[in-house]
Visitor: 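Handing you a structure now.
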Amino acid sequence: GWAGEGPGAGGKNRRVCHATARLEMGSLWEEFNRLGTEMIVTKAGRRMFPTFQVKLSGLDPLADYVLLMDFIPLDDKRYRYAFHSSSWLAAGRAEPAAPGRVHFHPDSPAKGAQWMRQIVSFDKLKLTNNLLDDNGHIILNSMHRYQPRFHVVFVDPRRDSERFAHQNFKSFSFPETQFMAVTAYQNHRITQLKIASNPFAKGFRDGDPEP
């Protein structure tokens, strides 16, 4: 679906106030969401699947924008997976939040025209559970739930631009992209869906003919 800001979007710079973002592969995200999406976190860092991708419109074609993502905890709980009921159960309070990092799209900054020309894919973004990570990966706690957020930031050329920082960005959240961070898939149906829908998981498919 299309996401926009709720009330209070007024007061935004005109170069971001009309920005809209449509989540790509929305039906696949919803399919995962119905099962309870899980994303693997590893010490070395693991890419997300589905990949977070958006189609942008409403940007000023000639203005410069930076695109970035962050991940916020959905609640203050830690979870465990109950195999007998195939469900996630709260298992106490959340661990202290990992350092809040943002991931800048590597093409940033770029003109609005360039961002709107093609689908914007965050395929370089990696998730880690290594608190000491020095690769710039997003650090998450395993067995905690997260909501990815996407931000469009207008690069304000004014000398005192920091005064207007709060006006120069617009944020988007897609509830269907929420996920549980795990070190190994817990729900076997998530494993099956990842293998069935991820072209890079071909090696895991049983009985696939050799390429």
Side-chain angles (χ1 to χ4, degrees), residues 21 23-25 28-29 32-33 36-56 64-81 93-111 114-115 118-155 162 165 168-174 176-187 190-191 193-195 197-204:
L23 181 69
E24 292 294 307
M25 299 191 296
L28 182 60
W29 278 105
F32 275 106
N33 190 41
T37 309
E38 298 173 20
M39 292 285 178
I40 297 276
V41 294
T42 65
K43 193 156 189 203
R46 175 73 73 91
R47 293 184 185 192
M48 294 171 65
F49 184 84
T51 306
F52 190 91
Q53 298 178 328
V54 287
K55 185 81 173 86
L56 288 171
D64 285 312
Y65 295 89
V66 166
L67 304 188
L68 59 127
M69 285 187 70
D70 65 356
F71 294 73
I72 52 169
L74 267 169
D75 53 42
D76 59 356
K77 297 180 176 65
R78 184 165 46 84
Y79 289 84
R80 67 181 176 82
Y81 191 72
R93 292 195 57 84
E95 291 164 38
R101 284 185 169 176
V102 297
H103 173 88
F104 288 87
H105 192 285
D107 294 345
S108 303
K111 300 286 182 205
Q114 182 184 329
W115 290 126
Q118 67 259 326
I119 290 165
V120 175
S121 178
F122 282 85
D123 53 356
K124 303 280 191 291
L125 186 156
K126 289 186 178 181
L127 308 177
T128 185
N129 58 348
N130 178 12
L131 293 171
L132 304 175
D133 173 78
D134 58 3
N135 297 304
H137 300 329
I138 297 288
I139 302 173
L140 303 178
N141 285 322
S142 178
M143 305 307 230
H144 292 59
R145 294 179 68 211
Y146 293 93
Q147 171 67 61
R149 290 191 308 184
F150 167 65
H151 310 276
V152 176
V153 184
F154 164 56
V155 181
E162 62 277 359
N168 287 338
F169 73 92
K170 192 170 184 182
S171 301
F172 302 89
S173 287
F174 302 93
E176 60 269 46
T177 61
Q178 297 171 7
F179 64 86
M180 185 77 70
V182 296
T183 51
Y185 294 128
Q186 305 294 299
N187 182 344
I190 289 287
T191 313
L193 184 55
K194 295 250 184 181
I195 292 171
S197 51
N198 184 352
F200 299 107
K202 267 191 158 46
F204 297 108

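None of these values were measured; they are calculated from a predicted model.
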Visitor: Find the distance between OG1 (Thr128) and NE2 (His137) and round it off to the nearest 0.5 Å.
Guide: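 Rounded to the nearest 0.5 Å, the OG1-NE2 separation comes to 6.5 Å.
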Visitor: Given side chains that start at C-beta, do those of Met48 and Leu127 come closer than 4.5 Å, heavy atoms only?
Guide: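 The answer is yes, as the side chains (C-beta and beyond) meet within the 4.5 Å cut-off.
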Visitor: So, for Pro50 and Met25, which heavy atoms are closest and what is the spacing to 0.1 Å?
Guide: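 For Pro50 and Met25, the tightest heavy-atom pair comes out as CB-CE, 4.0 Å.
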Visitor: Contact between Gln53 and Ser121 at the side-chain level, heavy atoms closer than 4.5 Å - yes or no?
Guide: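 Yes, at least one pair of side-chain atoms sits under 4.5 Å.
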Visitor: Hey, could you give me the CG/NZ distance between Asn187 and Lys194, rounded to the nearest 0.5 Å?
Guide: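 Going from CG on Asn187 over to NZ on Lys194, the span is 11.0 Å.
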Visitor: Return the minimal non-hydrogen interatomic distance between Ser173 and Pro148, and the atom names on each side.
Guide: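 It is OG-O, 4.1 Å.
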Visitor: Parallel, tilted or perpendicular: which fits the ring planes of Phe174 and Phe52, with parallel below 30° and perpendicular above 60°?
Guide: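 Phe174 vs Phe52 ring planes: tilted.
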Visitor: Pair Asp107, Trp115 - check side chain to side chain contact (heavy atoms under 4.5 Å, CB included), show working.
Guide: CA-CA 9 Å; Asp107 294 345; Trp115 290 126; 3.6 Å; yes
Visitor: Side chains of Phe104 and Leu67: closer than 4.5 Å at any heavy-atom pair?
Guide: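 A side-chain contact under 4.5 Å is absent here.
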Visitor: Any non-hydrogen side-chain atom of Phe32 less than 4.5 Å from a side-chain atom of Phe49?
Guide: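 Yes - at least one pair of side-chain heavy atoms lies under 4.5 Å apart.
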Visitor: In terms of ring plane angle, is the pair His105 and Phe122 parallel, tilted or perpendicular, where the classes change at 30° and 60°?
Guide: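 Taking Phe122 first and then His105, their aromatic rings stand perpendicular (interplane angle over 60°).
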Visitor: To the nearest 0.5 Å, what is the distance between CZ on Phe150 and OG on Ser171?
Guide: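 Rounded to the nearest 0.5 Å, the CZ-OG separation comes out at 9.5 Å.
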Visitor: Leu193 versus Thr191: any side-chain heavy-atom pair under 4.5 Å?
Guide: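 Not touching, per the 4.5 Å side-chain cut-off.
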Visitor: With no hydrogens and no angle check, just 3.5 Å: does a side-chain donor-acceptor pair link Thr177 and Gln147?
Guide: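 Yes, because at least one side-chain N or O of Thr177 sits under 3.5 Å from a partner of the opposite role on Gln147.
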Visitor: Grab the two heavy atoms, one from Tyr185 and one from Glu38, that are nearest each other, plus how far apart they are.
Guide: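 Heavy atoms of Tyr185 and Glu38 come nearest at CA-OE1, 3.2 Å.
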Visitor: To the nearest 0.5 Å, how far apart are CH2 in Trp29 and CD in Gln178?
Guide: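 CD of Gln178 is found 10.5 Å from CH2 of Trp29.
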Visitor: Please examine the side chains of Ile139 and Asn129, heavy atoms only from C-beta on, and report whether any two atoms are closer than 4.5 Å.
Guide: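 No, too far: nothing below the 4.5 Å cut-off.
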Visitor: State which residue, out of Leu74, Asn141, Ile72, fulfils the side chain to side chain contact (heavy atoms under 4.5 Å, CB included) condition with Tyr146.
Guide: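 Of the listed residues Leu74, Asn141, Ile72, the side chain to side chain contact (heavy atoms under 4.5 Å, CB included) partner of Tyr146 is Asn141.
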Visitor: Would Val41 and Val182 count as a side chain to side chain contact (heavy atoms under 4.5 Å, CB included) here? Give the steps.
Guide: CA-CA 6 Å; Val41 294; Val182 296; over 6 Å; no
Visitor: Between Asp70 and His151, do the side chains contain an N or O donor and an N or O acceptor separated by less than 3.5 Å?
Guide: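 Distance-only check passes for Asp70 and His151.
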Visitor: Would Asp64 and Phe154 satisfy side chain to side chain contact (heavy atoms under 4.5 Å, CB included), going step by step from the backbone distance to the final call?
Guide: CA-CA 6 Å; Asp64 285 312; Phe154 164 56; 6.0 Å; no
Visitor: Rounded to the nearest 0.5 Å, how far does CG of Leu28 lie from OG of Ser197?
Guide: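 The CG atom of Leu28 is 4.5 Å from OG of Ser197, to the nearest 0.5 Å.
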Visitor: For Arg101, is there an ion pair with Asp133 - N to carboxylate O distance below 4.0 angstrom?
Guide: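 Salt bridge present between Asp133 and Arg101.
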Visitor: Does any part of the side chain of Met39, heavy atoms only, come nearer than 4.5 Å to the side chain of Met180, both counted from C-beta?
Guide: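 No. Closest side-chain heavy atoms not under 4.5 Å.
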Visitor: May I ask you to decide whether Asp76 forms a salt bridge with Arg93, counting only side-chain N to carboxylate O separations under 4.0 Å?
Guide: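 Here Asp76 pairs with Arg93 in a salt bridge, since their nearest N and O are under 4.0 Å apart.
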Visitor: Side chain to side chain contact (heavy atoms under 4.5 Å, CB included), that's the test. Do Phe71 and Leu140 meet it? Break it down for me.
Guide: CA-CA 8 Å; Phe71 294 73; Leu140 303 178; 4.0 Å; yes
Visitor: Heavy-atom distance under 4.5 Å between the side chains of Leu125 and Met69, does that happen here?
Guide: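 Yes - at least one pair of side-chain heavy atoms lies under 4.5 Å apart.
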Visitor: Taking all heavy atoms of Met143 and all of Arg80, pick out the closest pair and write down the distance.
Guide: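 That would be CE-CA, 4.5 Å.
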Visitor: To the nearest 0.5 Å, what is the distance between NE2 (His103) and NZ (Lys124)?
Guide: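 Between atom NE2 of His103 and atom NZ of Lys124 there are 8.5 Å.
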Visitor: Evaluate Arg47 against Asp123 for salt bridge (charged side-chain N to carboxylate O under 4.0 Å, His left out), listing each step before the verdict.
Guide: CA-CA 7 Å; Arg47 293 184 185 192; Asp123 53 356; 5.4 Å; no
